[in-house]
Number of protein chains: 2
Amino acid sequence: MTEPAGRARRSTGQRILSDAASLFRRHGYEATTTREISEALGIKKATLYHHVSSKEDLLYRICLAALHDVEVNAKAAVEQAEARPRERIRAMIHGHTVAMLAEVDFSHTMLTDMRSLSGDRLNEVVQLRDSYQNWTESLVREAQESGDLREDVPAPHLTLALFNLLNWTMFWYRADGDLAPSQVSELLTTMFLDGASHR
Amino acid sequence: MTEPAGRARRSTGQRILSDAASLFRRHGYEATTTREISEALGIKKATLYHHVSSKEDLLYRICLAALHDVEVNAKAAVEQAEARPRERIRAMIHGHTVAMLAEVDFSHTMLTDMRSLSGDRLNEVVQLRDSYQNWTESLVREAQESGDLREDVPAPHLTLALFNLLNWTMFWYRADGDLAPSQVSELLTTMFLDGASHR
DNA sequence: GTCTATAAATCGATAGAC
DNA sequence: GTCTATCGATTTATAGAC
């Protein structure tokens, strides 16, 4: 361990992704230049190309990291949850939300700038996203079959509504706002399961 | 009337906005060039500048049109609805959703590329959006006071959840998909009011 | 791993004729 | 309203020294 006192220092590779994701979130992938990224890192533009092969490769890695983080966290939360399907849904929403909000720059970039990828990189990221959504849909279907969720709305539609609730949160969440991540998770869970009606 | 047989031909100004919005939706504002826009219109790049003062001006007008359409439609629907607050919420969701999906290119561009505006243009668009969201929040609060909506979640939070449901729909809606706009509206209304739990 | 220097292409926007 | 021609700035990316 050669890192300075106490906590591990993030590798250069990690810092490049974080700084780029921060810029991408603020100005968008297309509007951000490689010069801005390297300036934020305190290196010259040419040096950046020693670490990544292209600007698009940078976006690609950010998308992979964002999807990986959320998926791993959501699945771990579900594994640890009680067996009842309703509780597994709660755990999924909590794990997803907390992971997503812990890396807002990554998730925001993935959700809004994924379309700037092309070819194989785009295909891979889209497939990862779809497979995670399919896993979520199976969770929803399982909860319908157990009687925890309503069956008059098809599982794919319930799942679309769930991702509506989860994904748009990126656009208004503020780390310094009045809602902590677990409060956001609680809000989304309440709304997905019970809705806004008085009862 | 000098338009060709039957229906009115859209003005050049309208066609420029539609074609640009279509490209912006597909590739993003920043990634779309003025050359691509003029080619889609069948005119030369320089001619485009006879109709709009800049590329950003084009985005600005698209955002204004998108916000105007949805707001006018939602408010008209609420005016015509029954007096009961719960029915006014239903009407808002329906009017909003149908207008939004009728002009997907405009709404999608407004929601994702608004951040590329700057200065006064950005301020004006943000203010229009905020004032519409405030109007919606007052609708929610009214429904809480009448006992139609739950009061254990603050009105601003219920409103955030509502816009989560409304806004992310842009990203998966397909005009040729299995859900017609009014079915989407029905899904979102059910989810907002009643949630996914079995009862 | 970091630098200076530069290539090669493309961008938004304008000038000015018709 | 539409065109041809072009300007000036900026972009991603590479070459090659240290």
Side-chain angles (χ1 to χ4, degrees), chain A residues 2-4 8-63 109 113-122, chain B residues 2-4 8-63 109 113-122:
Chain A
T2 55
E3 286 86 19
R9 192 177 45 196
R10 283 184 308 164
S11 71
T12 307
Q14 283 298 325
R15 211 163 56 84
I16 290 176
L17 292 191
S18 301
D19 288 4
S22 168
L23 288 167
F24 290 164
R25 183 188 178 198
R26 271 182 290 168
H27 310 122
Y29 168 76
E30 299 282 356
T32 303
T33 67
T34 53
R35 204 169 67 89
E36 289 171 324
I37 297 168
S38 48
E39 276 176 5
L41 289 162
I43 59 177
K44 295 297 169 181
K45 196 175 46 159
T47 308
L48 188 62
Y49 285 88
H50 180 78
H51 300 278
V52 295
S53 65
S54 68
K55 188 187 168 191
E56 189 182 319
D57 181 51
L58 204 42
L59 175 61
Y60 169 66
R61 295 203 214 170
I62 289 169
C63 290
T109 297
D113 287 325
M114 182 193 294
R115 65 180 171 186
S116 293
L117 293 173
S118 61
D120 288 345
R121 277 193 275 245
L122 178 61
Chain B
T2 56
E3 287 86 19
R9 193 177 45 197
R10 284 184 307 165
S11 72
T12 306
Q14 283 298 324
R15 212 162 55 84
I16 290 177
L17 293 191
S18 301
D19 288 3
S22 169
L23 288 167
F24 290 166
R25 183 187 177 198
R26 271 181 290 167
H27 310 123
Y29 168 75
E30 300 281 358
T32 304
T33 68
T34 53
R35 203 168 67 89
E36 289 172 324
I37 298 169
S38 47
E39 275 176 5
L41 289 162
I43 59 176
K44 295 297 169 181
K45 194 175 50 162
T47 309
L48 188 61
Y49 285 88
H50 180 77
H51 300 280
V52 295
S53 65
S54 68
K55 188 187 168 191
E56 187 182 321
D57 182 50
L58 205 42
L59 175 61
Y60 169 67
R61 295 203 215 171
I62 288 169
C63 290
T109 297
D113 288 324
M114 180 192 294
R115 66 179 170 186
S116 292
L117 293 173
S118 62
D120 289 345
R121 277 193 276 245
L122 177 61

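Here is how names work: the chains are called A, B, and so on, in the same order as the sequence lines, proteins then strands, and each is numbered from 1.
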* Using side chain to side chain contact (heavy atoms under 4.5 Å, CB included) as the criterion, list what pairs up with Tyr60(B), not counting sequence neighbours. => Asp57(B), Leu64(B), Leu117(B), Arg121(B), Glu124(B), Val125(B)
* Can we say Lys55(A) and Asp113(A) salt-bridge, meaning some charged N sits less than 4.0 Å from an Asp/Glu carboxylate O? -> no
* Tell me the ring pair (Phe, Tyr, Trp, His ring centres under 6.0 Å) pairs involving residues 10-41 of chain B, sequence neighbours left out? -> Phe24(B)-Tyr29(B)
* Check whether any side-chain heavy atom of Ile37(A) lies under 4.5 Å from a side-chain heavy atom of Leu58(A), and answer yes or no. => yes
* To do: Could you tell me whether Ser54(B) contacts a base, only the sugar-phosphate backbone, or nothing, with contacts defined as non-hydrogen atoms closer than 4.0 Å?
  => sugar-phosphate
* If only atom types and distance count, is the side chain of Glu30(A) paired as donor or acceptor with the main-chain N or O of Ser116(A) below 3.5 Å? -> no
* **Test side chain to side chain contact (heavy atoms under 4.5 Å, CB included) applied to Lys45(B) - qualifying residues, sequence neighbours left out** => Thr34(B), Arg35(B), Ser38(B)
* Structure fact -> chain A vs DNA chain D, heavy-atom contacts under 4.0 Å, first-to-last nucleotide span, 5' to 3', is dT11(D) to dA15(D)
Let me have the donor-acceptor pairs involving side chains of residues 13-22 of chain A, under 3.5 Å, with sequence neighbours excluded, atom names and distances please.
unit_1: Ser18(A); atom_1: OG; unit_2: Arg10(A); atom_2: NH1; d: 2.8
unit_1: Ser18(A); atom_1: OG; unit_2: Gln14(A); atom_2: O; d: 3.1
unit_1: Ser22(A); atom_1: OG; unit_2: Arg26(A); atom_2: NH2; d: 3.3

* Straight-line distance of Glu56(B) CD to Leu122(B) CG, nearest 0.5 Å -> 8.5 Å
* **First encountered from the 5' end of DNA chain D, between Lys55(A) and Thr12(B)** => Thr12(B)
* Nucleic acid contacts - residues 22-51 of chain B versus DNA chain D, non-hydrogen atoms under 4.0 Å -> Ile43(B), Lys44(B), Ala46(B), Thr47(B), His50(B), His51(B)
